[in-house]
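Presented below is the structure to which this report refers.
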Amino acid sequence: MPADALLHIEDLTKVFHIRQGFSSQEFHAVDNASIVIDSGKPEIFAVVGESGSGKTTLAKMVLGMEAPSQGNLRYKDRQVAALSKREMKNWFYHEVQPVFQDPFAAFSPLKQIDRYLYETVYNYKMVGDKKEAPRYINEVLSEVGLTLAEIAGRYPNELSGGQAQRVAIARALLTKPSLIVADEPVSMLDASLRMSVVNMFRKLKEDNAVSVIYITHDLATAFYAGDRIAVMLRGWIVEMGPTEQVLGNPLHPYTQNLKTSIPSIKSDEAWDEKIDLAVIETDEYTRTGCKFAGRCPAVMDICHDNIPPSVEHEGRSVKCFLYDEALPAARN
Amino acid sequence: MLTTIRDLLRYSLSFRFGSVILLFVAIMVVVSFFAPYPPEKRRVVPRKMRGEPPSAEYILGTTTLGQDVFWMLLTAVRHTLLIASIAVCIGRGIGVMLGMISGYLGGGADRVIQSVVESVIVIPRLPLLILIAVILKGGLTFVWLGILIGMLDWAYPSKRYRAQVLSLREREFTHTAIFSGMGTAKIVIQEHLPFIIPFLLADVVSGFLFSIGMEVTLSWLGLNDLNSLSLGTMIYWADEWNSIFAGKPWVMIAPVVAVIVVVVGFYLVSIGISEYLDPRKRLLRLQTHQSDTALELQAQGTSAGTAIASAGTAKDE
Amino acid sequence: MLRKLVFLALLALIALPTLVGFAQEPDGLPVDIPREDLWVFDQIFRWQTVNNFNVWRIGGSTPFHHALMLETFWNRDQETGEFIHALAAADPVYNDDFTQMSVELRPGVMWSDGEEFNADDVVYTIETIKANPELGQGGWHAQLTDFDAAVEKTGDYSVSFTLNRSNPRFHTLFESRWNGIYMMPSHIVAEVEANLADGENLGGWVWEAQDVVVLGNYLPVEADPNGYWELFKRRDDPENSLAGIITGGSGPPYALSIFYGNDNIKKAIAMSRNELDVYFDVDIESFDFTLENAPAARSWYQDFPWAYPNEVSSRQLAMNMEGDPLIAHKDVRWALALAIDIVELQTEYIGGVAKVTPFPVPPTAKLYELYHGPMTEWLSNLQIDLGGGEMYSPYDPSIPDQIAAWAEEQGFTVPGEPHEVFGSGWWKYDTDAAEKLLMNAGLSRGGDGMWMTPEGEPWVLDLQSDPSENDAYRMGQAAFDMWTDFGIEVNFSTLDRNTWNQNHYVGEYEVSTPWTSFALASGDMWPNIRGRHSRYYAPVGEDYRPLGGDSVRRLQDARSDELIDAMESVNPVAQEAENIELGIQFLQNWVENMFDITCIAFKKFVTWDETYWTGFPTAENPNYQPLYWFQGGKYAIQNLHPTG
Amino acid sequence: MGTIIEAVNLRAYYITNAYGVERTVQAVDDISLKIEEGEVYGIAGESGCGKSTLMRVLLNAYQPPLTVVGGDVVYTLDGERVSAAEMSDEKNRDLRWRKLSYIPQGSMHVLNPVRRIRDSFHDFISAHRDVSKAESYQLTAEYLRDLGLPEKVMRSYPHQLSGGMRQRVTIALATILWPKLIFADEPTTALDVVVQRGVIQMLKDVQQKEGSTLVLITHDIGVHANLADRIGILYAGKLVEEAETQTILNQPRHPYTRYLIESLPNLESRAELMSIPGRPPALDRPPSGCRFHERCPLAKDICKTVEPQLIKIAPKHFTACHVVEEELSHAS
Amino acid sequence: MQLLRTYILPRIVQWAVVIFVGVTIIFLIPRFSPINPVDDMIGRMTAFQTMDPQAVVLMRATMQDLYGLDGSLLEQYINFWQRLLQGDLGPSFQNFPTPVNEIIAAGLPWTVGLLTTSTIMSWLLGIFVGSLVGYFQHRRWAQVLERVVIVIYPTPYVIIALILMVLFTFYWPIFPMVGGAQGKPALNWEYISSILRFGFLPALSIVIGGFAFRFIIAKALATTEIASDYVQYAELAAVPKRRIVYSYIIRNTMLPHVNDLALSLGAMFEGALITEVVFGYPGLGSKLFTAISNADYNIVMGIVLLSIVGIATGSLIVDLLYPVFDPRVRLR
C-alpha cells in the first residue's frame, strides 16, 4: 500500500436489494473496486460509464454518504467508515468536498445562495474574524470567475446553471479541500456553458493543487479533462489507466464499444455495425460471469460462467479474459 | 408574507372567497364580545318576542326561552373556534414534533415512535373520544374538549411530517448543508422547516375541519358542556327543542349554516393556499431569468419541467 | 360521452332505490301485516337482549312485556289507589304480627298452552327464585331471601307465605306497577330445570319466542335480533287469559313494538306517517308537531292540556345537605324556593301541561284527596321567619288559577277546576322575601349585585341535570335562569344519565333534578320513604347504596326518622287513616324544612292516532289508565278496536 | 419530392399570469422554414432557445399558456394541403400517428408505468385503427421483430426495460402506424453513448424504411452530424442559420454556430477549448437587435439595434447576421 | 427469503404489536369511567320500584361476582387476555348473561353490509367522478360539480345525515325511519327490496360523505397525473379520452385509493356509529354507543377490538399486496 496515498480504495463493494414483486434480489452496485489517488500529485481522475454503472454509488461512498458493504476506503490513511461524526465534520469535510450534478437541487430554492458560502466559512472557521468572510469568499469566487457582488442575495433560480454550478464549486473550495468529488457536474448544463465548468477543474488542479474525481457519462469531456480514467460497467471497473491510453487505444471490448459510439461530427464515420443493448435493466447486474458477455463482440465461452480477472496490461488494468495471460485465447 | 396574501387575494378566487368568509367569521368573533347580555342567558327577550322568526330587532330570530339567536350564534362561533384552535395547536404540535424527531433520529427511536403512532392510528377515534368524553363528562369544559380532540389528532399528521423529513434528508441541498458544516439542528430549523410549513398550513386547516366536525358530533351526542354555547351545543338544543318541527327552524338553521360556512371558509382558504404553493404555479411566479427552459418544459407538462418546478416541495401522499 | 356516463351513473344511483322506495307505498314497518290487524306501539327503548323471554334472570327486563304477557297477584289502579285483583282473587290477608300472608287465587285462568294456573305455579315460582341468585331480576331473589319467605300451598287456589320477621307490606312484591314477581309456568320451567346440565342454572336459560307460554293474552312471535322491534300475536283463547277474564275484551290480533330512537320527534314523525299508533311520552314540541301533522292523533284530553297528568311521581330540585355548606341552612333553601316563579316554569318551560305540587306527592285524584286537600289549610297558615321576627306566609293557593289565566290567554280552554287540572298551590315568587332570607343566612349582595357568601366569596351554586328526562331538565333550566336572575351564580352542568345517577349515589352534587314520589298510588308512604331514615345515611363521597337506603340528599333528620319508624309497624290497609296521618306529618316536616323544592308532577303524553285503532281510555272515558307500559296498561289494550 | 411541412412567419409565445406575475415569453419568434418530404431536418440549439416550442407548434400540439400569435404551419400530406390554423380538432386527432407522429424525450416517463408494453401499443393503435387486441399484438410483434427488438419486450412493464430499450420501444410506439412525418425531440438525451448509438441507428432504420420525413431536435451536434440532412440553428427563439449538415459543420457562418461547433470536445485533442461567454437571454425580455449581440465578439453597433434577417448566403445556406451580411456585400 | 426476513416478518410483528398496544389502551380507558356497571344495572332494576335495602346489598355482591369484576386491574387484564385468546369476549353487563359474541354476531351483518356497500360505492364513485373532473377541469360541468363537493366535503357528517333524515322521512317521506328490513330474512324480492329501502338513506349519507372525500383526493391525484409524461404523450397520440381516464389516470392513481379503501373498510365500525344512531339502523355502531354510555366494557372492548384488528389487518394486507397493485420495482 503506498504510504502517500490521498485516497486508497481497495475491493470496495456496495450491495443493494431490489424488490420486485414478491421476491427480492441482491445486486452489487459497486463490485470490488480498487482505486488509488496519490497525494502530492493532484490529478483529475475521471470515472465514466453508462447510467446505472455504479459511478454515483462510488462517489457517495468516497464522500462518506454511503457506508461500503465490504472493502476498504481510506482517506489519508484513515478508514472513512470508522470516522466519528465529529471527525467527519472537523476533518474529513475539510478535506473532501462534493460538487453535485444539479446545481439547482444542490441549493435550497428558498434560501439565498450566498448563505451556503458564509455558512461554510463560519462553520469551518476559515477566517479569524467574521468580518473577513466576504473578502475571503470573494477571493475564492474569483477563482471560479465570479464576484460576490454578482451573487449576493440572489436565489439559486436567479442564476444560470453555469453560474450556480460555479458557486457550488466555489463553495467546495472554501474549505481548501484536497479532494473534490464531482458527480456529473456538467450534465445538466447547456453546451455553451459546459466547457466553462470543465475548464475550471483543469485550472483548479493546476492552481490549487486539488485532486478531482470527475464522474461523468460523457467520454469527450472525460478525455478532455481527465488525467486518468476508470471505465465502469455494472459495478465493475473494467478498464483503468491514463486517459490518453485508455481512450486512445481501448483494450476492453466495452471501452472500445464506448469509444466508437461517441457521435462524431465527422459524419463520414457513420456507424454501420449494429450494437446490442441490454433489454432488461437488472439482467446484466445479476449475470454470472462477465457482465458484458451478453453483448460483447469478442465473447468467449469462458466469459459466460466465470468472472474475468483484472489484469495489468499496457500500463493499465483491464478486467477481461482477452488479456488474461493464463488463457490461451489471450495469446492469439 | 403580505405580498403573498395580497397576491392570493387578488388572483385566487377560492382564497378571496374563503378570506371574505373568514373575515366575516372574525368580525362575528369580535362582535360577540359586545353582546348586550350574556348570550347563554334565557329570558332576555321580552316575552312577546320569544320564539319569533327573524325580524329587524332580532335578525336571526329568538328562541322560545327568550334567547337572541344572533348573539348566541356569534358567541357559539367564537367558542367553537376556541375549541378547534386548542385542538389544532395540540394535535399539530405533537404531530410535528413526533414526526420530525422520528424522521431525524431514525433507527430504534423511529421504530418505537412509529409503533406507537401506528397503534394510535388503529384505535377508532370517534368511539375513543366518546368514551373519554363520557368519563370526563362532568369536567368537560371547552378547553378540555379541545385538548381531548387535539390529543387524538396527531398520528396521521406526524406520519406525514416524518415522510417529509425522510425525503428532505435525501435531497441534495441537505447534503450541501452537511458539507457546509451545518449541524443537525440548524439543518432542521433553517433548511427543512421552510419546506414543512406549507404542509403544516394545509394540515392546520384540515385540523380545523376535523375539530369542528368532532365538536359538532360530540355535542350532538350530548357529550359537551351543553350549557355553554358552541355551534355543536346550539345544534343540540335546536334538536332537543325540535325547532325544525316546532315551526322555529331558524334556531336550527343558524348554527347549521354557520358550521358549513365556517368549515367551507377554512377549506376555501386552504385550497387557495395550496394552489399558491403548487410547485408549478410557484415556478411561474418565482422565476426571473434563465428558467425559460423550465417554463417551456412545464408548459409541455414533462417530468423534467415538474422536476425543476418541484424544486421546493417534496411530494407526499 | 363521458359526461353522459357520469350523469347516468349518478342518476341510476339515486333513482334506483328511489324507485324501489316508490314502487311500494312508503311503508316503514318491519313486518308485513295489514294495519287492520296490527297495532303498533312505541317500544320506549331498544332491547339489548333479544328473543329471550326469561324475564326472571338478572338483566332480564319486562317493560310492556308485563302488559302483554306477564301476570302477578295484584295491580293497583293508579287513579284511585284501589287494588285490582289479578291472579289473586282478593286482597292479601296478614296475620296479626305481619309474619304471614295468605293469598287466594283466581280460578279458571289458563296458560296459553291450555294448562290451568294454580297454587303449584306459585309455590314453584317462589321456591325457584329463592333458590337461584341468578334469577335476580327486580331484586326478588334478594328480597325473598331477606325475609326467608316460605310458601305453602294451602289449597289448589290458595297459598300462604311465612316470613322470618314482621312485614305489613310484603304484598307489594306481588303488586305490580312497573314490576312484580311474575308467575312461572311450573309445568314448563320445572322440565327445563330438570334438563339443565352440570354447572348450568336457570339464569342462563334462554326462553325463545316460539316456546313462550303466558297468562297474558299475547304471545311473542318474532324479535328483531337488533332490538328495534318485537311482534306479538294474540293468543287463540283470549277469553281464558287473565286480562280477557277481567275486561272481557280481546285486543288487536297483532301488536308490534318499535323503538324510534331517543329522539322524541321521530316518534311524532312516525305517527304522522301512520307507522305508530301510540307513543309513550314526548316533549311538548313533538306533541304539538303530532297534533299538526297527524290529524287523527290525540292524547288524554281532547284539548289543552292534553297530557295524562297522573303518573304517580314528581320532579324536584333536590338539594344535597352536604353539598354547598349554605344549603344546610334552612333559610337558604327557602330562599331558593321563593326565587322560583312556578307559573313561568310550568308554562314557558313545560308548556302548561303538568300539575304543580309543593311536596313530593303528585296531586292525582286519590293523593290530592289524601294529602293536598287536607294540607291546604296548614300550608296557607304556614309562616316562616324572614329574620328579625318578620313572619311571612309563603304559600300561594292561587297558583293553579294563575296558570289557568295564562292558558286562557293562549286561547286554550281549561277543562275543569284549575286545581284538578294544574295541581295545588305553590310558593310565592317573591325575590324580596328570598333576599331577606339570604341576608338572614349571612349572605350579602356584592358590588355587581351577585350574592356573596358570609365569608365574602362569590357564592357559586352547582346545578346538575340530565336532559334525557325532558321535564326534569327543563325544570333545571328554569331554576338556573331564575336563580341567575336573582343574582346567584349558578353553574349548570348537563350530564348523561349514568354519570348523573352516579353523582347522586356518592353525593357529588349541590342541586339536582331527580324525580320521586313519597306515596304509592294507594297513599302508603312508608315503602318510598323508609330509605331516607338516617340509619341509611352515607356521607358525601360514599356510595349510599351498599347501605341499602336512599341517602341522595345526605339528610339526617330526627323527626323524619321518628315518623318512618312509627309508620313501619302500621298496616297500610287496616290502619289507613293512621298511616295517612303519619304521612301528612312527615310531609309537613319536609315542607317546613324545605328539604327539597318539589315543582311538578309527571305528565305523560301518551298519544295515539286513531287512523287504525280506537278505544284508548280518555279523560271523557277514563275506564283505565292509558299508561300502557305499566302493568295496568293491559286493560286499556283489551278495549282497542279497529276504527273503520 | 415536395415540401411536406412549411412554417410561415411563425410566432409562438408563452403568455402566463400566475398570481399577478405576467409574462410573455417569445419562445418562437418569426420563424419560417420548409421541410422536404423524405429528408431528416435537424433543429439545434441550447435549452431555452425555443426548439421544443417550435416542435410543439410544428406538430400542432400545444395548449395554453403556449399560444401561436402569428404565422401558420402548413402540411402537405398525401397531396392534401392542410393549414394548422384552420384544422378542426377532429382532423388534428385524425392525423396524429397515422400521418404525423412524435418521439418524445425522456422515455423513462412516456410509457404508462402500470401497463405492459403491448397494451400501450394497443392503446395507440386502436386509437387510430379499428383493431382487436389480438390484431394489435400481432402488428406490434411483427413491427418489433422488423426493428430487431426482442419479443419479450411485449410482455414487460416499462420499468423492467433498460433505458436504451425503453427509448427504442418508444420510437417503435411512435412509428407503428408508419407516419409520413416524424418529430423527434431530444431522442437520445440522457442516454449514454452506446445506447445513443443504438437509438440513432434505429431512427435511421425507421426513417429510411418508409422514406418518412424526420424532424430531429437535439442540442447535441454530434447526433445531428450522424442523422440530419439539413440543420437549422435556433438561438433565443430565432432561426439564425440553416444549411446542409456538412456545410454547418465545416463552414458555419453565424458566430453562434461557430462557437457551438468549436466548443465541442473530441477524442483527438485535449487542447483547451473555448466556452461561449455570458448566457442565453431571457425570452420575456429579449435583447434588441440581434439577440446574440451581448455575447458576440464581433458585435457592431448595428447589431444592437437592427434585427438581422435570414438571408441566403449560398445555395441552401441561410444565416441571419449583420457581420456576415457585411462580409458578403464586401466580397461581392 | 430475504424479503420474508427483512420485510414480511417485521411487518407481521408490527401488526401484532399495534393490535396489542391498541387493545391495551382500550382495555384501560373504560376502567377510569366513574360509572360502575353493576351499580348501573341495579339502578335500572330498581328504578321503578322500592326495594329492601338489605336486598340491594345482596344483589350487588352477586352481580359483582357474576360480571367478573372482582380482583385488581392486573388480574382483570390477564383474565381478559386469557378469555380473548380463546375467542371469548365475555358476557355483556347490560344484557347479562348474553355473550358479547352473540351480540356482535347479531349486529355485524348489518354494519358490514351497509358499510361495505356504501363505502365501496362512494369509493368507486369518488374515484370515477373525481378523476373525470380532474381530467376535464376546465369544463363547465366539472367546475359546477367541484363547487358542490367543496361545500359538502368539509361539512360534518352528522349534519349531512340529519339533513337527509329530515328531508326524506318528513318533508318527502319516502324512506323508512328505523330498522334494517321488513319481514323475515328470506331470499325473495320483498325482503331484498326492503333491505334496499331501509338501507338507502343511511347508505346515501355515507356515500355522499365518502364520495366528497374521495372526490377531492381523486381530483388532486388526477391533476398531478395529467401532467405526467405518459398521459401527455397519450393525449398527443389522440388516444381516446375514455381510455386515458381509465387506463392511464385512474389506473395509475389507484394505489393510494386502494390503500385508503383497506383502511376505511377496517374502520367501518367507527363510521357506523353516527349513521346508526341517526337513522336507527341496526348494527354495531349504535350498540357501541349505548355500551360506552352504560360502561358495558365487554361490548366496547369487543367492537373496538374488531375495529382495531380490521384497520391493522387492512393496512397489513395492503402493505403485503403492494406489489400486486404496483408492478414497479421498489429499491431498498
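Lettering follows sequence order; numbering is per chain, from 1. Worth saying up front: this structure is predicted, and the values here are computed from it rather than measured.
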Pick one of side chain, backbone, both or neither for E:Phe20, based on which atoms fall under 4.5 Å of a heavy atom in chain B.
-> neither

Just how far is it from atom CD1 of E:Ile292 to atom CG of B:Leu129, taken to the nearest 0.5 Å?
-> 9.5 Å

Can you label the angle between the E:Tyr153 ring and the B:Tyr267 ring as parallel, tilted or perpendicular, going by 30° and 60°?
-> tilted

Going by heavy atoms in the side chains, are E:Ile26 and B:Ile123 under 4.5 Å from each other?
-> yes

Based on non-hydrogen pairs under 4.5 Å, which of B:Gly213, B:Ser14, B:Pro124 is most in contact with chain E?
-> B:Pro124

For residues 11-30 of chain E, pull every pair meeting salt bridge (charged side-chain N to carboxylate O under 4.0 Å, His left out), keeping only residues two or more places apart or in separate chains.
-> E:Arg11-E:Asp319

If one checks every heavy atom of E:Ile216 against chain B at 4.5 Å, the contacting part turns out to be side chain

With a 4.5 angstrom heavy-atom cut-off, could you sort out which part of B:Val259 is near chain E: side chain, backbone, both or neither?
-> side chain

What's the verdict on side-chain contact (heavy atoms from CB on, under 4.5 Å) for B:Leu221 and E:Ile274, showing C-alpha distance, side-chain angles and the deciding distance?
-> CA-CA 9 Å; B:Leu221 291 170; E:Ile274 298 295; 4.0 Å; yes

What parts of residues 147-158 of chain B touch chain E if we use heavy atoms and a cut-off under 4.5 Å?
-> B:Tyr156

The interface call for E:Ile29 against chain B, heavy-atom contacts under 4.5 Å, is both

Determine, stepwise, if the pair E:Ile159 / B:Ile235 fulfils side-chain contact (heavy atoms from CB on, under 4.5 Å).
-> CA-CA 9 Å; E:Ile159 288 182; B:Ile235 292 172; 4.0 Å; yes

Part of B:Phe266 within contact of chain E (heavy atom distance under 4.5 Å) = neither

Given that the side chain runs from C-beta out, which part of E:Tyr157 has a heavy atom under 4.5 Å from chain B: side chain, backbone, both or neither?
-> neither

Step through the shown structure and confirm whether more than 12 heavy atoms of other residues, nucleotides or ligands are within 6.0 Å of CH2 on E:Trp15.
-> no

Mind listing the closest non-hydrogen atom pair of B:Ser119 and E:Val21 along with its distance?
-> OG-CB, 3.3 Å

How far apart are the C-alpha atoms of B:Val216 and E:Val158, what are their side-chain angles, what is the distance that settles it, and do they pass the side-chain contact (heavy atoms from CB on, under 4.5 Å) test?
-> CA-CA 8 Å; B:Val216 170; E:Val158 62; 3.8 Å; yes

Chain E contact via B:Arg125 - side chain, backbone, both or neither, heavy atoms under 4.5 Å | both

Mind checking the CD1-CE spacing from E:Ile163 to B:Met252? Nearest 0.5 Å is all I need.
-> 9.0 Å

Could you tell me which of E:Ile150, E:Leu288, E:Val277 has the largest number of non-hydrogen atom pairs under 4.5 Å with chain B?
-> E:Ile150

If you round to the nearest 0.5 Å, how far is CD1 of B:Ile130 from CG of E:Leu273?
-> 4.5 Å

Top of E:Val151, E:Ile152, E:Val23, E:Val300 for chain B proximity - count of heavy-atom pairs under 4.5 angstrom | E:Val151

Select one option (side chain, backbone, both, neither) describing which atoms of B:Leu209 are under 4.5 Å from chain E's heavy atoms.
-> side chain

Could you tell me which portion of E:Val278 (side chain, backbone, both or neither) has an atom closer than 4.5 angstrom to a non-hydrogen atom of chain B?
-> both

Can you tell me how far the CG atom of E:Leu162 sits from the CD1 atom of B:Ile244, to the nearest 0.5 Å?
-> 9.0 Å

